[in-house]
Visitor: 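I have a structure here, written as structure tokens, and I will follow up with some questions on it.
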Amino acid sequence: GGGVVGGWRRGGGAAWCGQAAEGCGLMLLVGRSVGGDPAGQVPLLAHDAGAPLGSVNPEPTPFDDLAAAILRGRAGEVLPELLRLSQDSR
């Protein structure tokens, strides 16, 4: 069933993911090797709709050529530092 968990809609399916991707202002790809599975299309939808992509991953990903920013490292180390920097810049 549907519902919202942590701000994310659960059970919305591919149509909801596509709408969310096309309406987002930034898509951050974190710690996942995105392949040819259906979820791998979501960053392309966001990019094609004009959203910048950011990548946080210790290894190169298929989306690096499309990414506006690439942060190499483990998500558990990079994301807390990114949050700290964003709070310091306010």
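Numbering starts at 1 and runs along the sequence shown.
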Visitor: Show every salt bridge (charged side-chain N to carboxylate O under 4.0 Å, His left out) that has at least one partner inside residues 75-86, sequence neighbours left out.
Guide: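 Output for this query lists E81-R84, R84-D88.
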Visitor: Which atom names give the shortest non-hydrogen contact between L45 and A21, and what distance separates them?
Guide: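 It is CB-CB, 3.9 Å.
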Visitor: Sorted by first residue and then second, give each side chain to side chain donor-acceptor pair (under 3.5 Å) pair with at least one member in residues 63-74; sequence neighbours left out.
Guide: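 Listed by first then second residue: T61-D64, D64-R72.
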Visitor: Looking only at heavy atoms, what is the nearest atom pair of P52 and A68, with distance?
Guide: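 Looking at all heavy atoms of both residues, the shortest contact is CB-CB, 4.0 Å.
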Visitor: If hydrophobic clusters are built by linking Ile, Leu, Val, Met, Phe, Trp and Tyr wherever their side-chain heavy atoms come under 4.5 Å apart, do V30 and I70 end up in the same one?
Guide: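 No; I70 is not reachable from V30 via cluster members.
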Visitor: Tell me every residue that passes side chain to side chain contact (heavy atoms under 4.5 Å, CB included) with L66, counting only those two or more places apart in sequence or in another chain.
Guide: L44, H47, L53, F63
Visitor: Any idea which heavy atoms bring P80 and A75 closest together, and the distance?
Guide: CD-O, 3.7 Å
Visitor: Got N57 and L29 here, is their nearest side-chain heavy-atom distance under 4.5 Å?
Guide: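 Of all side-chain heavy-atom pairs linking L29 with N57, none is under 4.5 Å.
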Visitor: Any non-hydrogen side-chain atom of V42 less than 4.5 Å from a side-chain atom of M27?
Guide: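 V42 reaches M27 side chain to side chain.
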